[in-house]
**Q** 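Once you've had a glance at the structure underneath, I'll fire off some questions.
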Amino acid sequence: MPASPKTFHVKSFGCQMNAYDGERMAELMAAQGLTATDDAAAADLVVLNTCHIREKATEKVYSDIGRLRKDAGEQGRKPMIAVAGCVAQAEGAEIIRRAKVDVVVGPQAYHNLPELVARAAAGEAALDTDMPVESKFGHLPGRRKVNPSAFLTVQEGCDKFCTYCVVPYTRGAEVSRPFAAIVDEAKALVDAGAREITLLGQNVNAWNDAEDRGLHGLIRALDRIPGLHRIRYTTSHPNDMTQGLIDAHRDVESLMPFLHLPVQSGSDRILKAMNRQHTRDSYMRLIDRVRAARPDIALSGDFIVGFPGETEADFADTLSLVDTMGHAQAFSFKYSPRPGTPAATMADQVPAEVMDDRLQRLQAALNRDQQAFNAATVGRTCTILIERRGKLPGQMLGKSPWLQSVHLIGDHAIGDLVEVALVSAGPNSLAGEVTVRAAA
Ligand code: 5AD
Ligand code: SF4
């Protein structure tokens, strides 16, 4: 039976929402008097905050548990292991049965982590994958020290049911957090050191409240918080991209010129089979409207290659869409059948070698466009939010408004906003030269 833990380590996999949940779990355990440690093998309690979106997520969790036990065992230790996140939600009690872990807690129930840990320490079963109506957020401690760029979950879950995706099952239905709670948390984040806040949600642009403020109304309210210089949001669905939100990109100075708007495929036939509920053309027209409102906006997205039934002609449609859009950056994935989703049992699954080949060709096109976007920003002057120290002496790293990594030499503190001229661009980062220091 594991003793009551004194130290803990949270390891988060996957998306930014998991990173946010991991931070909140860490704050929760710290509020219980436990001490955080960077070394998982030396911690009394290890929380594996898992992701289920692609590939052999479940098998990976089991091998991670095995490795953790081995590493800790070499130090004569036997940590309490908690599995959180989307694999916990999907697998539930099976994880306890198969891997003999101590705690299993789903993404909507982690406010109960202290109680579950206490139950496990007392030798009782500790499983909670409920999706309670009452939100976990009201049960979490306040925000403490945070990075200059902080996350804030404002919306969870998804009602879109794309046929390849597990999110509607693991994260549940779309739920928006209340306006006042979000504004309060944003103010607390700024007090704790945040200069930039990224609003998170599986479908963040579906955020709304009883007053019908919409995400743009929330952004306009956050824009009025003194000391909050930058606002971003991710991830969005094309069908929830309202005119109000597009207008906010034109009007709200603190709303950064960056839009992560996944399109997944350029083929109407595949988009239909994916149940995306938009077409190639409607996506392109939408981006035209966004660019009319904010001409310098950096476009980002997600793509899936090898969805069941995808032919070479369908894939050519994706490549031609990429050619016309000019993405500033994008993520691309091989289709991965997720148990329980409609696409997993569709006919015409695409062979692995075909997927590999298409992914390579797509990534070559996206890399080309990313380099072109970066090169086109050279010569511009912009503000960089300094996030950390670089490897070279005096080097600092930060982000441009277009979410590019920029390195510069200068006597600046983490959290400073610095005016720079962008002087050269590589594929993944740019060099900046300081002009004048912007107001912090
Ligand atoms: N296979 C491959 N990629 C997927 N994504 C979601 N589900 C799958 C899947 N089953 C990708 C989508 C989504 C991103 C978060 O992950 O592109 O936008
Ligand atoms: Fe998954 Fe589609 Fe919802 Fe995105 S919109 S979370 S891809 S179901």
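First listed ligand is number 1; within each ligand, the first listed atom is number 1. None of these values were measured; they are calculated from a predicted model.
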**Q** So which protein heavy atom does atom 1 (Fe) of ligand 2 come closest to, and at what separation?
**A** C165 SG, 2.3 Å
**Q** Parallel, tilted or perpendicular for W402 and F373, by the 30°/60° rule?
**A** perpendicular
**Q** To check your reading of the model: name the closest protein heavy atom to atom 7 (S) of ligand 2, its residue, and the distance in Å.
**A** Y164 OH, 3.3 Å
**Q** Just jot down the ligand 1 atoms closer than 4.0 angstrom to any heavy atom of I304, in number order.
**A** 3 (N), 4 (C), 5 (N), 12 (C), 17 (O)
**Q** Is the shortest distance from a Lys or Arg side-chain nitrogen in D71 or R67 to a carboxylate oxygen in the other one below 4.0 Å?
**A** no
**Q** What protein heavy atom is closest to atom 13 (C) of ligand 1, reported as residue, atom name and distance in Å?
**A** D302 OD2, 3.5 Å
**Q** Looking only at protein heavy atoms, which one is nearest to atom 6 (C) of ligand 1, and how far off is it?
**A** I53 CG1, 3.5 Å
**Q** So which protein heavy atom does atom 17 (O) of ligand 1 come closest to, and at what separation?
**A** Q264 OE1, 2.7 Å
**Q** Heavy-atom contacts with H237 under 4.0 Å: which atoms of ligand 2 show up? List them by number with element.
**A** 5 (S)
**Q** Among all protein heavy atoms, pick out the one at the shortest distance from atom 8 (S) of ligand 2; state its residue, atom name and that distance to 0.1 Å.
**A** C162 N, 3.3 Å
**Q** So, Q404 versus K399: side-chain donor-acceptor pair below 3.5 Å or not?
**A** no
**Q** Within 45 degrees of the ring normal and closer than 6.0 Å to the centroid, is that where the cationic atom of R213 sits relative to W207?
**A** no
**Q** Below 4.0 angstrom, N of the basic side chain to O of the carboxylate: do R177 and D184 qualify?
**A** no
**Q** Using the benzene-type ring in the case of Trp, are the ring centres of F258 and Y233 under 6.0 Å apart?
**A** no
**Q** Within a distance under 4.0 Å of any heavy atom of P168, pick out the atoms of ligand 2 and give their elements.
**A** 8 (S)
**Q** Using a 4.0 Å cut-off to any heavy atom of F161, which atoms of ligand 2 qualify?
**A** 8 (S)
**Q** Counting heavy atoms only, which of R54, H52, R338 is nearest atom 5 (N) of ligand 1?
**A** R54
**Q** Is NZ or CZ of R98 both nearer than 6.0 Å to the six-membered ring centre of Y62 and within 45° of the ring axis?
**A** yes
**Q** Hydrogens and angles aside, do D247 and Q243 bring a side-chain donor and acceptor to less than 3.5 Å of each other?
**A** yes
**Q** Do Q264 and Y164 pass the side chain to side chain donor-acceptor pair (under 3.5 Å) test, and can you show the C-alpha distance, the side-chain angles, and the key distance before you say yes or no?
**A** CA-CA 11 Å; Q264 313 295 359; Y164 50 82; 3.2 Å; yes
**Q** For atom 3 (Fe) of ligand 2, decide whether C158 has an N, O or S atom at a distance under 2.8 Å.
**A** yes
**Q** Hey, is atom 4 (Fe) of ligand 2 touched by any protein heavy atom at less than 4.0 Å?
**A** no
**Q** Return the residue, atom name and 0.1 Å-rounded distance of the protein heavy atom closest to atom 1 (N) of ligand 1.
**A** S336 N, 3.0 Å
**Q** Salt-bridge test for D223 and R230: reply yes if a basic N is under 4.0 Å from a carboxylate O, no otherwise.
**A** no
**Q** With backbone taken as N, CA, C and O and side chain as the heavy atoms from C-beta onward, which portion of K334 lies under 4.0 Å from ligand 1: side chain, backbone, both, or neither?
**A** backbone
**Q** Please state which part of Y164 comes within less than 4.0 Å of ligand 1, counting heavy atoms only: side chain, backbone, both or neither.
**A** both
